[in-house]
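To start, the structure itself, in structure tokens.
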Amino acid sequence: MMRGLLIALFLAFAVPQAHAGDRDWVSSWATAAMAMEGDNALPPGEAGPVTIHQTMRLSVGGTRLRLRVSNRHGRQPLRVAGVEVALANAAGASSGVPGSQRAATFGGERAVVVPAGAEYWSDPVSLTVAPLGHVAVSLTLAERPELATGHPGARTMTHIGAGANAVKVPRWYHLSAIDVDSPGASTIALLGDSITDGYGVVPDSNGRWTDYLAQRLAANPATRKLAIANQGIGGNRLLLDGLGPNAMARLDRDVLLLAGVEQLVVMIGVNDLGTLTREQPVSDPEHRQLVDRMIAGYRQIVARARAAGVRVIGATIMPYGGSAYYHPDQRNEADRQAINAFIRAPGNFDAVIDMDAIMRDPAKPTHLRTAMDSGDGLHPSDAGYRAMAAAVPLAVFGNAAR
């Protein structure tokens, strides 16, 4: 009995101390890791060492950071020969700011072998990064992986190789998150599709709607400790796999496992609605079944996130009546209206961002506003992305900074 009492006392005091250093870590940048196949694969080259130089813009700053190196979709161990992190002057920069370079280690070692399907955090790296500051990460692999893990829709140029022989591609490889040590901060994750991923954004412009939102948060004293983690995937769906795993399948790894995540914005579903009838019409029961299954999926996301202590903010689905890709009809529009009615209804989410109301054309509410439309009837233009971020009421995030 005495032994059991001693163990209980040890746990009561030891466990909080063991995790005390983790409380201030928040994900200041993140991306949804995918299998990089076809055109997204690493460009061909020598089988030997390859250096991947890439940049990311953090949302919240800090004095220390750590990198999450990902081999989530790899089929063999990923052999990392070394990682260097530095400040960068801009997105897509080909090198770091001189004098700011720091070596990242893993358990004190420069090299690390990341098992297939796994991710490794680096040790903390002492580097002061300002809010909205860019960092450059040079990742040297001992050998080219058969299947790389990364994110196709980076909208940021990555340099593979060195000097004049470097190949530039708008993708990220083998990094899924950058955390910063920022006392009092917390992370807002955004689970979405191509609209959140930033379809149509000019590379290296930081022109996603989430980038503009991060700027607003950083400029407001009440929200400057709220970080943004963009987990959008182009073509992604709520229920079925398409371009990337479905949103429900990636909730845990892309949202709930992020450091410091306390809020989640869910803005996904237009691809579910559009794909239903893209090839041919379907029956009314099939329309109703899709709406019912989508609502059930939203309920599951909300329940699982709340169980993890995460507030869930629902964003309504924007009009896509002008899309020549999905060519929606009145029944598709009725499906969208039913989903949006569920999102808006009190209690289903902890708060709502009405993107439909922000972006629809008052004269033709099944379509995007002309000035906000990229031209395809589905994705916003740069003015549209700016309008989305500008119209978000910052009070919707509440007093969530820890």
Side-chain angles (χ1 to χ4, degrees), residues 191-197 199 232-251 264-305 312-370 372-380 384 388:
L191 189 63
D193 48 39
S194 57
I195 294 172
T196 295
D197 201 23
Y199 179 88
I233 294 177
N236 204 226
R237 285 183 272 177
L238 174 67
L239 299 176
L240 297 177
D241 292 354
L243 295 177
N246 67 80
M248 292 190 65
R250 60 192 186 93
L251 175 66
L264 165 64
V265 176
V266 179
M267 192 174 78
I268 195 163
V270 69
N271 293 318
D272 298 73
L273 297 175
T275 301
L276 179 68
T277 58
R278 181 170 181 263
E279 299 300 328
Q280 60 188 20
V282 301
S283 66
D284 286 342
E286 288 174 282
H287 278 275
R288 289 194 296 270
Q289 182 184 55
L290 174 65
V291 170
D292 290 345
R293 290 186 62 222
M294 288 180 67
I295 288 174
Y298 292 130
R299 290 190 189 278
Q300 279 287 306
I301 289 175
V302 171
R304 287 163 55 188
V312 191
I313 301 162
T316 53
I317 297 175
M318 299 187 300
Y320 66 108
S323 170
Y325 183 75
Y326 284 138
H327 42 79
D329 59 18
Q330 290 181 342
R331 288 191 294 183
N332 296 109
E333 176 62 14
D335 295 343
R336 187 180 75 91
Q337 293 294 345
I339 294 297
N340 283 347
F342 169 80
I343 293 171
R344 293 186 182 106
N348 291 331
F349 289 86
D350 296 304
V352 175
I353 300 172
D354 200 342
M355 288 298 186
D356 172 43
I358 295 166
M359 298 294 288
R360 68 179 179 239
D361 186 339
K364 198 173 186 180
T366 59
H367 287 59
L368 293 170
R369 294 174 184 265
T370 301
M372 309 299 183
D373 188 345
S374 66
D376 67 5
L378 177 63
H379 298 95
M388 289 170 66

Using residues 285-296 as the side-chain source, report each donor-acceptor pair under 3.5 Å to any protein atom, sequence neighbours left out, with the distance given to one decimal.
unit_1	atom_1	unit_2	atom_2	d
E286	OE1	S283	N	3.0
E286	OE1	S283	OG	3.0
H287	ND1	D335	OD2	2.6

N236 and its side-chain contact (heavy atoms from CB on, under 4.5 Å) partner, picked from I268, T196, N246, L191: I268
Decide yes or no on side chain to side chain contact (heavy atoms under 4.5 Å, CB included) for N348 and V302, but give the supporting numbers first. CA-CA 8 Å; N348 291 331; V302 171; over 6 Å; no
One should read off an interatomic distance between Y320 OH and L368 CG, to the nearest 0.5 angstrom, of 12.0 Å
Does I339 reach the side chain of I343, with side-chain heavy atoms less than 4.5 Å apart? yes
H327 (side chain) donor-acceptor with R278 (main chain) under 3.5 angstrom: yes
To the nearest 0.5 Å, what is the distance between CE on M267 and CE on M388? 4.0 Å
Spacing of I313 atom CD1 and L264 atom CG [to the nearest 0.5 Å]: 8.0 Å
Under a 3.5 Å distance rule, please check whether N271 uses its side chain to pair with a backbone N or O of R237 as donor and acceptor. no
Taking side chain as C-beta onward, heavy atoms only, is P365 less than 4.5 Å from R360? yes
Output all residues satisfying ring-ring contact (aromatic ring centres under 6.0 Å, His included) with Y199, sequence neighbours left out; order by chain, then residue number. H379
Can you name the closest pair of heavy atoms from P328 and S323 and give their distance? CD-O, 3.7 Å
Got a second to check how far M359's CE is from R369's CZ, nearest 0.5 Å? 8.5 Å
How far does CD1 of I195 sit from CE of M355, to the nearest 0.5 angstrom? 9.5 Å
Could you tell me which residues satisfy side chain to side chain donor-acceptor pair (under 3.5 Å) with S374, sequence neighbours excluded, listed by chain and number? D376
Sequence neighbours left out, what passes salt bridge (charged side-chain N to carboxylate O under 4.0 Å, His left out) with D197? Give chain and number order. R155
Mind checking side chain to side chain contact (heavy atoms under 4.5 Å, CB included) for R304 and listing every partner two or more places apart, or none if nothing turns up? M248, L251, D252, Q300
Provide the closest heavy-atom pair for P380 versus M318 in the form atom of the first, atom of the second, distance. CG-CE, 3.9 Å
With no hydrogens and no angle check, do the side chains of D329 and T277 hold a donor and an acceptor under 3.5 Å apart? no
R331 to P281 - nearest heavy-atom pair and separation: NH2-CB, 4.2 Å
Could you check whether any side-chain heavy atom of L238 comes within less than 4.5 Å of a side-chain heavy atom of I301, counting everything from C-beta outward? yes
Run the side chain to side chain donor-acceptor pair (under 3.5 Å) test against R336 and tell me which residues pass, sequence neighbours left out. E333, D356
Output for pair (D193 CG, L243 CG), nearest 0.5 Å, gives 10.5 Å
For the student: nearest non-hydrogen atoms of Y326 and V270, plus distance: CE1-O, 4.2 Å
